[in-house]
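Predicted model only: the values in this text are computed from it and were never measured. Side chains are part of it too, since the values below use all heavy atoms of this structure and drop only hydrogens, waters and symmetry mates.
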Amino acid sequence: MSFLFGSGRPQPTSAEKIAAAEQEYEMIAELYNRLSSTCSKKCVPAEYREPDLNKGESVCLDRCVAKFFDVQIKVGEKIQQDAASKMGGGGF
């Protein structure tokens, strides 16, 4: 009956939790850096003319970020589907 209450599964240690959190932080930081670099290169000119973004740059950045996350979601779903089909199909 212990399997019903989760005591049959080993619990991660504090060090493992910290390592997982650090890895997740690094992945999020890398995602942000790629997003920032990609959209800035596409939407913001190298020579600043004004201290603030103009409307066109702002709209471009908004669309770029939305597309970036849409692609990330679609890639993640595709990877999950491929992994599920390999697990369910026996790898053949």
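Once rounded to the nearest 0.5 Å, the distance linking OH of Y25 with CD1 of I18 reads 15.5 Å. In this structure, K74 NZ and K67 NZ are separated by 11.0 Å, a value rounded to the nearest 0.5 Å.
Following chains of ILVMFWY side-chain contacts shorter than 4.5 Å, one cannot reach I28 starting from F68, and the two form parts of different hydrophobic clusters. Residues V65 and L31 are members of one and the same hydrophobic cluster, defined by side-chain heavy-atom contacts under 4.5 angstrom among Ile, Leu, Val, Met, Phe, Trp and Tyr.
With hydrogens and angles disregarded, a donor-acceptor distance shorter than 3.5 Å links the side chain of N33 to the backbone of A29.
Residues K78 and Q81 are in side-chain contact: their nearest non-hydrogen atoms beyond the backbone lie under 4.5 Å apart.
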Could you list the donor-acceptor pairs under 3.5 angstrom formed between side-chain atoms of residues 37-54 and any protein atom two or more places apart in sequence or on another chain?
{"from": "T38", "atom 1": "OG1", "to": "R34", "atom 2": "O", "distance (Å)": "2.8"}
{"from": "S40", "atom 1": "OG", "to": "S36", "atom 2": "O", "distance (Å)": "2.8"}
{"from": "N54", "atom 1": "OD1", "to": "G56", "atom 2": "N", "distance (Å)": "3.1"}
{"from": "N54", "atom 1": "OD1", "to": "E57", "atom 2": "N", "distance (Å)": "2.8"}

